2 protein chains.
Amino acid sequence: MARGSKERNKAAAPRALDVAAAAGVSTATVSRAFNTPEKVAPEIRDKILKIAADLGWMPHPAGAALASRRTWLVGVLIPTLDHDVFASQVGALQARLAEAGITVLIGCSNYDSAQAEAQLRAMLARGVEALAIVGEAQREGVFDMIRARRVPYVVMYSYRDSAEHPFAGFDNAGAFRSVARHLLDLGHRDFGLIHQPAGDNDRVQARLDGLRGALAENGIALRPQHVHEGAPSLLFGRQGLKAIMETSEPRPTAIVCGNDTLAMGALIEARALGIKVPDELSITGFDDVAMAAHMEPPLTTMRVDNAEIGRRAADYLRACLEDGAPDDPQPVEFHLMLRKSTAAPRSRPVLPDK
Amino acid sequence: MARGSKERNKAAAPRALDVAAAAGVSTATVSRAFNTPEKVAPEIRDKILKIAADLGWMPHPAGAALASRRTWLVGVLIPTLDHDVFASQVGALQARLAEAGITVLIGCSNYDSAQAEAQLRAMLARGVEALAIVGEAQREGVFDMIRARRVPYVVMYSYRDSAEHPFAGFDNAGAFRSVARHLLDLGHRDFGLIHQPAGDNDRVQARLDGLRGALAENGIALRPQHVHEGAPSLLFGRQGLKAIMETSEPRPTAIVCGNDTLAMGALIEARALGIKVPDELSITGFDDVAMAAHMEPPLTTMRVDNAEIGRRAADYLRACLEDGAPDDPQPVEFHLMLRKSTAAPRSRPVLPDK
DNA sequence: TTGTACGCGTTATCAC
DNA sequence: GTGATAACGCGTACAA
């Protein structure tokens, strides 16, 4: 006896065979009633659907996956959900894939490549049909593992014009170059930089490269004492600005921040120090979070449509699953939001006497 | 011929049988080498693992799920990832479940009960073993559907002391009661309210009930013209405050906001209107986002540890899967962060002449 | 410790 | 339009 040899108290879950028996049809027809309803006579279909509903039956996913070789699962691997940027990307990706009947598996690496690899293995072991991964700085062999399984994937958030991976993102270096040029055009020559950790983070590295490159073109280099790397928090933004302003002169007249949170921290600290923004000091952010436009003064920052990144990644993966070999996604545009935290330098920032 | 009858150009994926043949063992031993390695002789195990790695084999999830009746999948259904609150909950839930080898499926309803139901069906159809759902205001039959499948679940974010569902969250009504009492204790008697949409949202409804209840105990009612419901955005916070302040006297001396975003908007608008906070007007938020403490003045708000909510939900579901019938999660504490945006009312807010 | 043999529940193929 | 039947790939009692 296959099931219930020890008479169970919990009734066994119904199977397609039970529905078929009750409807007086074969399991094949039950399956068709659910998957290709147009190929089943309307009366029979309705009867099957009703009986299935009564019995509380739906196709068992494992059986269906085994026979059809489809799981309708796609994995997305991100550093953390605690940043709006990634949350937006995942949200949009999920919405777009849901339209195609695909469900999203989520994994967070917490910026740890070992966790990233573990999450990835778990996803492959759950049968994901495709993957979206933030960042290309992964452990050696990670992409080989994905390719070996012939799972289509896309690298999200980053963007390079390269055949190495398909990318759905924007040009981080270009975006920061654009910030730098805005400040250079205003006449700034002494820069400070407050940024989030760059190790293992190709996006941040690209941004720094873009900034340094644009400055170098003008014969300008960042002084080490004017560069602070740390947690992407409001608090570190404050600390970073304070440390820079306490260095000996010449003090920078422009502070570039790795994201808006740091920039808002810097703005708050500038006010606390009595430094006038933008007259004495220009400050730029990155991301254009909701609060940025409402700061005092409103923050000049870079807007990137993260939801669009998620959508493009989703569309690309859908195309992979449906067509086979789609074109790589186009890079997402970025827009410098010129507001009141940047201006031509009028005077050097002065600290009040202690 | 089972496979490759039409000679395929793409080599077929390796199966356990291939690994077994290469290692000179049976498929049973291959399976054991992966699932219960301690029951396989070390040399043989290592040999199998090496061959599997070389061949790029890992157990096919559908076959494994079918035979073991385990998918190691848990679903989480939230309104949106665009709010830190839910993103934090999901992030912590995912981290905690990953420790147990469980992968998380995510679905967003966008505050739409039809989408919620569709997402839920999809998750059940993918074989989730348990579910975490934000909010108990779901379509009729949703919870019946879950129970019919005997899938353990927990309602996240909300909390009621009720046998109807297991809850992992906090007492929304109590939290708002606490905000109201703080303002009442300061001497406020005229209140305004700016809040996010309450329809279909049991958390918001509970909060409003808590507020109105605490006021009613003191014989106070909210005037309709002092209540504004709309998008949970900075902008609506500004608009709401402006509308309230433009009503005829007596104007409220305290504004309760449904979340920090609205409260920060209100704070910004108050500054724009020349209304002194907290001397003329007290403003409260909810959530204690990072920016709240750095506003001018720092925002009095309610802190809830959303990551802890996610963790408790995860622990409860793990216990369901492992033990069977754990105790319901304890409610998460909330803490009123007393800062500078609230004070005893000194004078009524005055609008400058237009 | 290892192998044998069977069941897991569905879908796809091919007749009819 | 429908039914019979053979995969699908693995886990696991049971036997050895």
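Everything numeric here is computed off the predicted structure, so don't read it as measured data. Per chain, numbering begins at 1; letters A, B, ... match sequence-line order.
Nucleotide dT10(C) holds its P atom 9 Å from the CG atom of Leu17(A), rounded to whole Å. Rounded to an integer number of Å, the gap from CZ of Arg69(B) to C1' of dC8(C) is 6 Å. The nearest whole Å value for the distance from the CG atom in Leu66(B) to the C1' atom in dC8(D) is 9 Å. A straight line from NE2 of His60(A) to P of dT10(C) spans 8 Å, rounded to a whole angstrom.
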Practice problem: Could you encode protein contacts along nucleotides 11-16 of chain D as a string, one character per nucleotide from 5' to 3', using B for base contact, S for sugar-phosphate-only contact and - for no contact, with a heavy-atom cut-off of under 4.0 Å? | Solution: BB----
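Summarising the geometry of Glu164(A) relative to Arg147(A), their closest heavy-atom pair is O-NH2, 3.8 Å, with the distance given to 0.1 Å. Scanning both residues, Ala52(A) and Phe34(A), for their nearest heavy atoms gives CB-CZ, 3.7 Å. When all heavy atoms are compared, the tightest approach of Gly107(A) to Met123(A) is N-CE, 3.3 Å. The minimum heavy-atom distance between Thr29(B) and Ile44(B), with the atom names listed, is CG2-CG2, 4.2 Å.
The side-chain contact (heavy atoms from CB on, under 4.5 Å) test with Tyr157(A) singles out one residue from Asn306(A), Asp202(A), Ile78(A), and that residue is Asn306(A).
For residues 37-54 of chain A, proximity to DNA chain C is found at no residue, defined as any non-hydrogen atom under 4.0 angstrom from a strand atom.
Between Tyr316(B) and Asp328(B) the shortest side-chain heavy-atom distance falls below 4.5 Å.
The backbone N or O of Glu38(B) sits nowhere less than 3.5 Å from a side-chain atom of Arg45(B) that would complete a donor-acceptor pair.
Salt bridge absent: Glu43(A) and Lys47(A) never bring a charged side-chain N and a carboxylate O closer than 4.0 Å.
In this structure, of dG3(D), dC10(D), dC8(C), it is dG3(D) that holds the atom nearest to the side chain of Ser26(A).
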